[in-house]
Peer 1: 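If you scroll down you'll find the structure; I have some questions about it.
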Amino acid sequence: AMRICKDAGITEPAALDNCILDVAITGDRSFVSSDALAQSLNAAGAAPSAAGRPGSIDMKGSGHDVYWTFDASGQKQPTPNRPTNSPTELPAGSYTLVLNGSRAPVVVASGKATPVVPGSLTVQGTSTDVFVIYDGAGQQQLGQNHRTNTTVELFAGTYTVIINDTREQVTVVAGKPTVVGLASLLVQGIATDVFYVYDAAGQQQLSSNRRTNTPIELAAGSYTVVIN
């Protein structure tokens with residue numbers, strides 16, 4: 001009975017055992033084809049096609065910041081936020097990823113990991129002033145405020161860094177660090193009077209007042225200092 005079943009190509013242990021038992025007890029070789037079919041069905045069930053499996057987002061990064069996954073419209077959040085450098089398993093489909101306010105579309109395929117590589121932005125400074133990141137047009141704030149000398153992970157794109165109402169446009173590249181160096185302005189004095197920083201034309205005030213002998217961090221450029 002074993003030889004008859006093996007000659008029919010039945011090798012899976014459970015199917016082979018059933019075939020041997022069927023043939024040995026009944027002597028009816030028609031059971032062989034039934035057991036061969038059962039083996040095929042078991043194999044199909046044990047190894048489903050990739051089309052029936054979820055895929056995943058393989059998010060790279062430092063692991064310090066967190067990202068959110070939304071549907072393609074950016075409205076519904078199917079999973080909780082995750083730290084960068086960790087994957088998210090999802091059904092196949094189109095999604096929008098959000099990282100510190102920056103956004104990136106991604107398509108997840110069944111049974112496959114889709115790599116996503118953010119870049120990073122570091123605004124060098126003394127850690128005393130704060131900066132905010134806006135979109136490339138400088139119209140929409142992305143994420144929260146950050147102290148200078150802080151690194152922020154972002155998806156590749158063009159952004160505007162604003163510090164004390166001065167602006168600098170930067171480009172973030174996937175997988176690479178972008179470093180912005182600031183200028184520091186110090187109006188020396190006895191720290192009793194206050195000064196203001198205006199644009200180069202002296203028309204628009206760019207910061208709240210500061211006492212003399214107190215440094216202020218600014219994007220590189222020309223400015224007008226007004227005191228008393």
Side-chain angles (χ1 to χ4, degrees), residues 58-68 81-86 96-104 106 115-227:
D58 182 15
M59 174 66 78
K60 309 299 184 181
S62 67
H64 296 149
D65 290 344
V66 298
Y67 71 97
W68 286 260
N81 58 48
R82 304 278 177 92
T84 55
N85 207 33
S86 64
T96 298
L97 303 182
V98 178
L99 174 63
N100 286 315
S102 66
R103 292 176 174 248
V106 63
V116 178
V117 183
S120 67
L121 170 65
T122 302
V123 178
Q124 294 180 325
T126 61
S127 301
T128 54
D129 286 333
V130 298
F131 68 93
V132 292
I133 300 170
Y134 277 67
D135 60 12
Q139 300 297 316
Q140 181 179 356
Q141 182 174 341
L142 308 177
Q144 60 186 1
N145 300 345
H146 306 275
R147 289 205 173 272
T148 54
N149 223 30
T150 298
T151 297
V152 181
E153 289 181 304
L154 298 165
F155 294 123
T158 301
Y159 302 94
T160 302
V161 174
I162 299 180
I163 180 166
N164 290 316
D165 283 336
T166 64
R167 299 178 174 229
E168 182 164 340
Q169 194 168 73
V170 299
T171 299
V172 173
V173 179
K176 295 184 178 181
T178 298
V179 179
V180 176
L182 295 175
S184 180
L185 172 66
L186 176 65
V187 178
Q188 294 181 325
I190 57 176
T192 55
D193 289 335
V194 296
F195 69 93
Y196 303 83
V197 178
Y198 281 71
D199 61 12
Q203 301 298 314
Q204 181 181 355
Q205 184 178 333
L206 301 178
S207 71
S208 58
N209 59 52
R210 299 280 179 112
R211 288 201 175 274
T212 55
N213 224 32
T214 302
I216 181 172
E217 292 177 307
L218 304 166
S222 297
Y223 302 98
T224 299
V225 174
V226 177
I227 183 170

Peer 1: Hey, does Leu218 have a side-chain heavy atom less than 4.5 Å from the side chain of Tyr223?
Peer 2: yes
Peer 1: Which heavy atom of Phe155 sits nearest a heavy atom of Pro118, and at what distance?
Peer 2: CD2-CB, 4.2 Å
Peer 1: Is the shortest side-chain heavy-atom distance between Arg103 and Leu97 below 4.5 Å?
Peer 2: no
Peer 1: For the atom pair CD1 (Ile163) and CG (Asp165), what is the distance rounded to the nearest 0.5 Å?
Peer 2: 10.5 Å
Peer 1: Where do Gln141 and Asn145 come nearest, in terms of heavy atoms and distance?
Peer 2: NE2-OD1, 3.4 Å
Peer 1: How long is the span from the NZ atom in Lys60 to the OG atom in Ser86, to the nearest 0.5 Å?
Peer 2: 11.0 Å
Peer 1: For the atom pair CG (Asn213) and CG (Asp193), what is the distance rounded to the nearest 0.5 Å?
Peer 2: 12.0 Å
Peer 1: Could you tell me which non-hydrogen atom of Pro83 sits nearest to which non-hydrogen atom of Gly63, and how far apart they are?
Peer 2: CB-O, 3.8 Å
Peer 1: Taking the side chain as every heavy atom from C-beta outward, state whether Tyr67 and Met59 have any atom pair closer than 4.5 Å.
Peer 2: yes
Peer 1: Is any side-chain heavy atom of Ile133 closer than 4.5 Å to one of Asn100?
Peer 2: no
Peer 1: Can you tell me which residue among Thr178, Thr151, Thr150, Asn149 is in a side chain to side chain donor-acceptor pair (under 3.5 Å) with Thr122?
Peer 2: Thr151
Peer 1: Going by atom types alone, do Gln169 and Thr158 pair a side-chain donor with an acceptor below 3.5 Å?
Peer 2: no
Peer 1: When you measure from the side chain of Arg147 to the backbone N and O of Val130, does any donor-acceptor pair fall under 3.5 Å?
Peer 2: no
Peer 1: Mind checking whether Val194 and Thr212 have side chains closer than 4.5 Å, heavy atoms only?
Peer 2: no
Peer 1: Looking at every non-hydrogen atom in both residues, tell me the closest pair between Ser207 and Tyr196 and how far apart they are.
Peer 2: O-CD2, 4.4 Å
Peer 1: Kindly say whether Val116 contributes a backbone atom to a donor-acceptor pair with the side chain of Asp58 at under 3.5 angstrom?
Peer 2: no
Peer 1: In the structure I gave you, are the side-chain heavy atoms of Tyr134 and Leu142 within less than 4.5 Å of one another anywhere?
Peer 2: no
Peer 1: Do Thr84 and Leu99 come within less than 4.5 Å of each other through their side chains, counting heavy atoms only?
Peer 2: yes
Peer 1: Do the side chains of Asp129 and Arg210 get close enough for a salt bridge, i.e. N-O under 4.0 angstrom?
Peer 2: yes
Peer 1: Take Gln124 and Thr148 through the side chain to side chain donor-acceptor pair (under 3.5 Å) test and state the conclusion after the steps.
Peer 2: CA-CA 6 Å; Gln124 294 180 325; Thr148 54; over 6 Å; no
Peer 1: Taking C-beta and beyond as the side chain, do Val161 and Leu121 meet within less than 4.5 Å on heavy atoms?
Peer 2: yes
Peer 1: Looking only at atom types and distance, does a side-chain atom of Arg167 sit under 3.5 Å from a main-chain N or O of Gly138, one as donor and one as acceptor?
Peer 2: yes
Peer 1: Cut-off 3.5 Å, side chains only: do Glu153 and Ser62 have a donor facing an acceptor?
Peer 2: yes
Peer 1: Taking Gly136's backbone N and O only, do any of them form a donor-acceptor pair with Thr160's side chain (distance below 3.5 Å, no angle check)?
Peer 2: yes
Peer 1: With rounding to the nearest 0.5 angstrom, report the CG to CG distance, Asp65 to Asn85.
Peer 2: 11.5 Å
Peer 1: Rounded to the nearest 0.5 Å, what separates atom OH in Tyr198 from atom OG1 in Thr224?
Peer 2: 10.0 Å
Peer 1: How long is the span from the OG1 atom in Thr128 to the CD1 atom in Ile216, to the nearest 0.5 Å?
Peer 2: 9.5 Å
Peer 1: Can you give me the closest heavy-atom contact between Ala174 and Val117, atom names plus distance?
Peer 2: CB-O, 3.3 Å
Peer 1: Applying side-chain contact (heavy atoms from CB on, under 4.5 Å), run through Tyr159 and Val180 and close with a yes or a no.
Peer 2: CA-CA 12 Å; Tyr159 302 94; Val180 176; over 6 Å; no
